[in-house]
Amino acid sequence: MVIKMKRYGKYVKPYLSSFILGPIMMIVEVIGEVWLPAMMADIINVGAANHDIPYIITKGIGMVIMAFIMMAGGIGGAYFAANAAMHFGRDLRKDLFQKVQQFSFANIDSFSTGSLVTRLTNDITQLQNVIMMGLRMMLRAPGMMIGAVIMAFMMNASLAVIILIVMPLLACAIGTIIRIAFPRFELMQKKLDKLNSNIQEILIGVRVIKSFVRGEYEEARFSEANEELKESGLSAFKVVIIQMPIMTFAMNVTVIAIVWFGGGQILNGAMQVGDLTAFTTYVTQILMSLMMLAMVLLQSSRALASSRRIIEVLDTEIDLTDDKARQKEAIVREGRIAFRHVSFRYYKNSREKVLEDIDFTIEPGQTVGIIGSTGSGKSTLVQMIPRLYDADEGEVLVDGINVKDYSLHNLRNGVSMVLQKNVLFSGTIMENLEWGDEAASEEEIRKAAAAAQADAFICGFPEGYDTELGQGGVNVSGGQKQRLCIARALLKKPKILILDDSTSAVDTATEAKIRESFHTTLQNTTKLIIAQRISSVMDADLILVMEEGRIVGMGSHDSLISSCHAYQEIYNSQMDREVGA
């Protein structure tokens, strides 16, 4: 096989018996295929020529027995090949998925979602297919070719020379086809990535598409990606389809040559009719084995392109790990947060910093509001705390320990974060809330939902907490989705709670009730609230005002009103809108 199995040794070793038994069983079939033409030749040359019926019956019974043995070998070979390939694919897919789960945000940003989906599905399927085909053909095809060549030379060496002329020509043709096809298969997989990304985006945003009446535009965009995949597929398979006519042509020409020259030898008495029949069968077997090898090599060329894409993910260096953590056993106990002159860039070669010289301290149990214009770095700042990104300069401390010195599990277990994009999963409301704490009792779940002002609307559903949510929570409103995500975060009982603009779809009265519940249910939890509405953070113990990646104001609402120009502008603009309304 073209694909080097050494890189995938860990996926082969547990099922080594299937990887060995599959080809061995196929050899049983090969022995029968090579032996049957010789038995047929004996029937024609001896039995038919001498009208020896008992001889014909005996040989015929032998051929039937051989056919049953071949069938057993073929079935066994196919079973072990399938068993090996399916287990190989399952284990590889599991490891690939686990690797993607370890990706940091920066790692994920380097791959499109559609590309990762393709690699986890189609690319692994290509490897499975080539393993299944390879295990069935790796010994069968060369075994049948070698056996048929030997038998052909034993029967008639002069006629067998014709085969030696045809085989190198076919090998050159097959090699040329594979060399042309490989880059085209690689391009086809990339086009499949693009199509998958397009489909995912359309399905997730279907409500927005309908509300803006952009269906025709998205149909055109999908058609373009679909057309590109079709064209790349045709480009690849145009090369592949040449193979069969070439092989068939070579087979027919060779058979004609064998019959022509063999017929002359029969007329001259140098060859028997049964031998020519068997010889023709052997020629067909040789050319068929070459065709099988060509199919495996072509499939391997496509699988090799997929293999490179899979290895690219497996070999991706995770930039956020706890391998060098010096206090892996530490857990978040108090929730004290300190930023010490932190700076950060998304693109490390860029001069522009997303965060620059961020320096502040938050005491345990404090409520901190973070406000600023869009793109000021608010979300990036809070994502430093659970190490979704690492600081380029400076350090982030939680309970006096650098976040890089915690194990990722312990650090993130102490932090609950409700992101701007609220995500719910397929399943019931209860199952979604249990993400916060799988062991939570129904009473605890209802209490968390009540604190997030979600219990009332949940109980309003006919199925209550057993209501099935569609993928992404498509059958609940934006405000309901936000409250469910807050309830899920509260169930975690974190020492640090981060709300990243997670009440934007909730009315001010409900938001006020949620904030009020925090004072009773989260007294010992440090709370960071990113908000667009100044009313959401006015009562915070500390407010951070951000502009262009810097903190331009820090203090209480009263102190900022008198000292921070940026805060004054936000306050005045929002108050003016409220008065105008």
Side-chain angles (χ1 to χ4, degrees), residues 101-102 104-105 320 322 328-337 362-368 370 379 381-389 396 398-399 401 403 406-455 458 465 469 472-473 476 480-503 506 511 513-531:
Q101 289 294 300
Q102 295 169 13
S104 67
F105 280 15
L320 288 180
D322 52 23
K328 289 186 178 182
E329 301 303 318
I331 61 174
V332 180
R333 297 182 182 278
E334 297 179 335
R336 180 179 287 104
I337 302 168
I362 301 172
E363 295 300 327
Q366 278 191 320
T367 299
V368 178
I370 304 175
S379 296
L381 183 145
V382 296
Q383 288 171 359
M384 296 281 175
I385 298 169
R387 282 194 77 195
L388 300 181
Y389 291 104
V396 180
V398 172
D399 290 346
I401 301 173
V403 292
Y406 282 97
S407 72
L408 287 171
H409 177 271
N410 288 350
L411 175 64
R412 292 173 181 173
N413 204 41
V415 180
S416 267
M417 191 168 186
V418 184
L419 299 169
Q420 284 177 317
K421 185 178 180 182
N422 299 285
V423 177
L424 296 172
F425 298 90
S426 300
T428 65
I429 290 176
M430 181 71 77
E431 289 169 344
N432 271 271
L433 295 180
E434 285 174 346
W435 274 60
D437 182 2
E438 290 181 345
S441 66
E442 185 175 344
E443 181 183 352
E444 289 176 314
I445 291 173
R446 286 180 176 274
K447 185 177 178 180
Q453 303 302 305
D455 183 67
I458 294 173
Y465 282 81
L469 295 176
V476 292
Q480 290 171 336
K481 188 186 297 185
Q482 286 186 335
R483 283 176 277 172
L484 288 172
C485 289
I486 292 171
R488 183 174 63 190
L490 295 180
L491 262 177
K492 196 175 178 182
K493 300 179 181 66
K495 287 299 179 182
I496 298 172
L497 174 65
I498 300 171
L499 303 179
D500 187 355
D501 200 19
S502 53
T503 56
V506 176
E511 182 188 18
K513 291 178 182 178
I514 293 173
R515 292 201 309 272
E516 184 180 347
S517 71
F518 287 172
H519 291 295
T520 56
T521 59
L522 298 173
Q523 289 182 350
N524 298 320
T525 297
T526 305
K527 300 164 284 291
L528 289 85
I529 302 172
I530 295 176

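Scope of the values below: all heavy atoms of this structure, side chains included, with no hydrogens, waters or symmetry mates. Because the structure is a prediction, the values reported are computed rather than measured.
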Asks: My understanding is that only residues two or more places apart in sequence, or in another chain, count here; which of them pass side-chain hydrogen bond (donor to acceptor under 3.5 Å, both in side chains) with Gln482?
Replies: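 Gln482 satisfies side-chain hydrogen bond (donor to acceptor under 3.5 Å, both in side chains) with Ser504 only.
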
Asks: Quick one: closest heavy-atom pair of Ala449 and Ile458, and the distance?
Replies: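 Smallest interatomic distance, heavy atoms only, reads CB-CD1, 4.3 Å.
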
Asks: So how far is it from Leu433 CG to Arg446 CZ, rounded to the nearest 0.5 Å?
Replies: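 Reported value, rounded in 0.5 Å steps: 10.5 Å.
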
Asks: Show your reasoning for whether side-chain contact (heavy atoms from CB on, under 4.5 Å) applies to Tyr465 and Asn432.
Replies: CA-CA 10 Å; Tyr465 282 81; Asn432 271 271; over 6 Å; no

Asks: What's the spacing between Ile498 CD1 and Ile530 CD1 if we round to 0.5 Å?
Replies: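 Here the interatomic distance stands at 7.5 Å.
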
Asks: For residues 484-497, please give each side-chain donor-acceptor pair under 3.5 Å, one per line with the distance, not counting sequence neighbours.
Replies:
| unit_1 | atom_1 | unit_2 | atom_2 | d |
| --- | --- | --- | --- | --- |
| Arg488 | NH1 | Val423 | O | 3.1 |
| Arg488 | NH2 | Val423 | O | 2.9 |
| Lys492 | NZ | Arg412 | O | 2.7 |
| Lys492 | NZ | Val415 | O | 2.8 |

Asks: Is the shortest side-chain heavy-atom distance between Leu528 and Ile337 below 4.5 Å?
Replies: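 Yes, at least one pair of side-chain atoms sits under 4.5 Å.
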
Asks: Starting at CG of Leu408, measure out to CZ of Arg387 and round the result to the nearest 0.5 Å.
Replies: 5.0 Å

Asks: For Gln480, enumerate each residue passing the side-chain hydrogen bond (donor to acceptor under 3.5 Å, both in side chains) test, keeping only those at least two apart in sequence or located in another chain.
Replies: Ser477

Asks: How would you list, by chain and number, every residue that makes a ring pair (Phe, Tyr, Trp, His ring centres under 6.0 Å) with Tyr389, sequence neighbours excluded?
Replies: Phe105, Phe344, Tyr346

Asks: Evaluate the side-chain proximity of Thr367 to Ile529: yes if any heavy-atom separation is below 4.5 Å, no if none is.
Replies: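 They are in contact (side-chain heavy atoms under 4.5 Å apart), so the answer is yes.
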
Asks: Tell me every residue that passes side-chain hydrogen bond (donor to acceptor under 3.5 Å, both in side chains) with Asp500, counting only those two or more places apart in sequence or in another chain.
Replies: Ser379

Asks: If you count heavy atoms of other groups shown closer than 6.0 angstrom to CD of Gln101, is the number above 12?
Replies: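 Atom CD in Gln101 is crowded, with more than 12 foreign heavy atoms closer than 6.0 Å.
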
Asks: Do Leu469 and Glu431 have side-chain heavy atoms sitting under 4.5 Å apart?
Replies: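 No, side chains not in contact.
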
Asks: Mind checking what makes side-chain hydrogen bond (donor to acceptor under 3.5 Å, both in side chains) contact with Glu334, not counting sequence neighbours?
Replies: Arg336

Asks: Judged by atom type as modelled, is there a donor-acceptor pair below 3.5 Å linking the side chain of Lys527 to the main-chain atoms of Phe518?
Replies: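 Between the backbone of Phe518 and the side chain of Lys527 there is no qualifying donor-acceptor contact (under 3.5 Å).
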
Asks: State, to 0.1 Å, how close His519 and Gln523 come at their nearest heavy-atom pair, and which atoms those are.
Replies: O-CG, 2.7 Å

Asks: Would you say that more than 12 heavy atoms from the other residues, nucleotides or ligands in this model lie under 6.0 Å from the CD of Gln102, or not?
Replies: yes

Asks: Has Asp399 got a side-chain atom pairing as donor or acceptor with Val332's backbone, closer than 3.5 angstrom?
Replies: no

Asks: Any donor and acceptor pair, going by atom type alone, linking the side chain of Gln453 with main-chain N or O of Ala450 inside 3.5 Å?
Replies: yes

Asks: Going from CD1 on Ile362 to CD1 on Ile385, what distance comes out if it is rounded to the nearest 0.5 angstrom?
Replies: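 Reported value, rounded in 0.5 Å steps: 6.0 Å.
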
Asks: Restricting to non-hydrogen atoms, name the atom on Val418 and the atom on Ser502 that form the minimum distance, rounded to 0.1 Å.
Replies: CG1-CB, 3.4 Å

Asks: Ignoring hydrogens and angles, tell me if any N or O in the side chain of Asn410 forms a donor-acceptor pair with the backbone of Lys328 under 3.5 Å.
Replies: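 Judged by distance alone, yes, a pair lies under 3.5 Å.
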
Asks: For Lys447 and Glu443, what are the C-alpha separation, side-chain angles and deciding distance, and is it a salt bridge (Lys or Arg N to Asp or Glu O under 4.0 Å)?
Replies: CA-CA 6 Å; Lys447 185 177 178 180; Glu443 181 183 352; over 6 Å; no

Asks: Restricting to non-hydrogen atoms, name the atom on Ser517 and the atom on Ala451 that form the minimum distance, rounded to 0.1 Å.
Replies: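 Smallest heavy-atom distance, with atoms named: OG-O, 2.7 Å.
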
Asks: Output the distance between atom CD (Glu434) and atom CD (Glu444), rounded to the nearest 0.5 Å.
Replies: 11.0 Å

Asks: Just so I know, are the side chains of Met384 and Val403 near enough to count as touching, which here means a heavy-atom distance under 4.5 Å?
Replies: no

